[in-house]
Amino acid sequence: MRYDLIIFDNDGVLVDSEPISNRHLAGYLTELGHPTSYEDSLRDYMGSATHRIHELILERTGQRLPDDFDDVFHARVFAAFERELQPVPGVAGVLEKLAADGVPYCVASSGSHERIRVGHRTTGLDRWFRDERVFSSQDVGRGKPAPDLFLYAAERMGVAPERCVVVEDSPLGVQAAVAAGMDVYGFTAMTPAGRLAGANQLFSSMGGLLDLLV
């Protein structure tokens with residue numbers, strides 16, 4: 001194996017949550033008087049922590065989102081996860097192979113610990129992710145595109161950044177991995193390849209990831 005640690009993003013890489021999340025985010029922002037299409041949401045917020053939503057809305061409109069925005073948004077998304085969420089096709093096989101071969105891996109997500117856990121329980125991926133393998137932007141001061149989360153995950157896993165590879169599907173995540181001094185493989189199932197141009201490698205299906213890692 002080329003690396004000592006595989007760091008997975010969560011949304012869109014492990015669980016197929018981006019269509020669900022961005023559909024509800026666009027709808028909720030529109031309800032609040034900030035017209036947002038599904039495509040707008042993917043472009044502006046995919047891969048980011050919720051604080052970025054607040055920051056961009058304030059920057060663009062001068063208005064603050066309601067104090068209960070995060071709670072309402074997460075409640076809607078979690079309810080939809082229970083009904084609709086699926087693992088990304090092929091990812092279970094990748095995790096099974098890594099675990100069988102003893103290859104260290106973890107997840108580092110812009111989402112909250114609760115969001116990660118709800119998604120993993122719903123899809124059955126929780127069997128591969130004990131608590132010590134789960135890292136959230138809640139654990140650090142700044143979310144992606146800052147490198148803090150990936151550097152924190154590597155430190156906690158005891159691996160130097162240059163020995164890590166990040167598996168990402170968002171431009172913000174790719175920027176964060178590059179800033180952390182890590183290699184990054186861009187997953188293009190939902191994101192146009194041109195938006196992940198900073199990645200070392202690009203792949204479009206999970207079946208091709210293992211070939212890139214050896």
Side-chain angles (χ1 to χ4, degrees), residues 1-18 21 46-49 81 85 87-170 172-187 189 196 198-201 203 206 208-214:
M1 188 65 63
R2 186 180 304 177
Y3 301 97
D4 295 336
L5 178 65
I6 318 301
I7 303 177
F8 290 95
D9 175 43
N10 188 57
D11 295 291
V13 171
L14 297 177
V15 295
D16 194 16
S17 53
E18 292 292 8
S21 298
M46 182 174 167
S48 65
F81 280 2
L85 190 63
V88 167
V91 79
V94 171
L95 295 171
E96 187 170 17
K97 175 65 172 171
L98 294 178
D101 291 349
V103 177
Y105 64 89
C106 65
V107 58
S109 172
S110 292
S112 66
H113 279 281
E114 182 183 12
R115 178 185 174 113
I116 297 167
R117 283 309 187 193
V118 168
H120 287 187
R121 285 196 304 269
T122 302
T123 59
L125 296 185
D126 53 340
R127 61 179 290 197
W128 284 290
F129 288 97
R130 301 187 302 274
D131 288 345
E132 62 267 25
R133 294 182 186 267
V134 178
F135 304 101
S136 161
S137 61
Q138 288 180 311
D139 300 325
V140 295
R142 299 181 299 170
K144 305 169 189 177
D148 305 36
L149 176 56
F150 290 142
L151 292 172
Y152 176 76
E155 179 183 10
R156 290 292 301 272
M157 295 293 290
V159 178
E162 62 269 19
R163 296 299 304 158
C164 300
V165 64
V166 176
V167 184
E168 264 287 354
D169 72 329
S170 75
L172 292 176
V174 169
Q175 291 173 42
V178 171
M182 300 176 181
D183 281 359
V184 54
Y185 292 169
F187 184 40
L196 303 178
N200 300 85
Q201 300 277 358
F203 67 105
M206 279 295 161
L209 178 59
L210 290 174
D211 291 336
L212 295 177
L213 292 175
V214 296

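For the numbers below, each heavy atom of this structure counts, side chains included, while hydrogens, waters and symmetry mates do not.
Of all the heavy atoms in Ala153 and Ile7, the pair that sits closest is CB-CD1, 4.5 Å. Considering all non-hydrogen atoms of both residues, Glu132 and Met157 come closest at O-SD, 3.7 Å. Ser110 approaches Ser48 most closely through the heavy-atom pair CB-C, 3.6 Å. The two residues Val159 and Arg163 come nearest to each other via the heavy atoms CG1-CB, 3.7 Å. Nearest heavy-atom pair across Pro161 and Leu151 is CG-CD2, 3.8 Å. When all heavy atoms are compared, the tightest approach of Val178 to Gly198 is CG2-O, 3.8 Å.
By the side chain to side chain contact (heavy atoms under 4.5 Å, CB included) test, Glu114 pairs with Phe78, Ser112, Val118, sequence neighbours left out. Evaluation of the ring-ring contact (aromatic ring centres under 6.0 Å, His included) rule for Phe8 yields no partner, not counting sequence neighbours. Qualifying side chain to side chain donor-acceptor pair (under 3.5 Å) partners for Ser109, counting only residues two or more places apart in sequence or in other chains: none. Here Arg133 pairs with nothing under the side chain to side chain donor-acceptor pair (under 3.5 Å) rule; sequence neighbours left out.
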With a cut-off of 3.5 Å and sequence neighbours excluded, list every side-chain donor-acceptor pair involving residues 138-150.
residue : atom : partner : partner atom : Å
Gln138  : OE1  : His113  : N            : 2.9
Asp139  : OD1  : His113  : NE2          : 3.0
Asp139  : OD2  : His113  : NE2          : 3.1
Asp139  : OD2  : Ser136  : N            : 2.9
Arg142  : NE   : Asp148  : OD2          : 3.4
Arg142  : NH2  : Asp148  : OD1          : 3.0
Lys144  : NZ   : Asp9    : OD1          : 3.0
Lys144  : NZ   : Ala108  : O            : 3.3
Lys144  : NZ   : Glu168  : OE2          : 2.6

Anything under 3.5 Å between a donor and an acceptor, one on a side chain of residues 88-107, the other on a protein residue two or more places apart or in another chain? List them.
residue : atom : partner : partner atom : Å
Lys97   : NZ   : Asp101  : OD2          : 3.2
Tyr105  : OH   : Trp128  : O            : 2.7

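Applying the 6.0 Å contact sphere to CZ of Arg156 captures no more than 12 heavy atoms from other residues, nucleotides or ligands.
Aromatic ring orientation, Tyr152 versus Phe135: perpendicular (interplanar angle above 60°, classes split at 30° and 60°).
Counting heavy atoms from C-beta on, the side chains of Asp183 and Gln201 never come closer than 4.5 Å.
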Mind running side-chain contact (heavy atoms from CB on, under 4.5 Å) on Tyr185 and Leu213 for me, showing each step along the way?
-> CA-CA 9 Å; Tyr185 292 169; Leu213 292 175; 3.7 Å; yes
For the pair Phe203 and Val167, evaluate side-chain contact (heavy atoms from CB on, under 4.5 Å) and give the outcome as yes or no after the intermediate values.
-> CA-CA 10 Å; Phe203 67 105; Val167 184; 3.7 Å; yes
Taking it one step at a time, do Ser17 and Arg115 satisfy side-chain contact (heavy atoms from CB on, under 4.5 Å)?
-> CA-CA 10 Å; Ser17 53; Arg115 178 185 174 113; 4.3 Å; yes
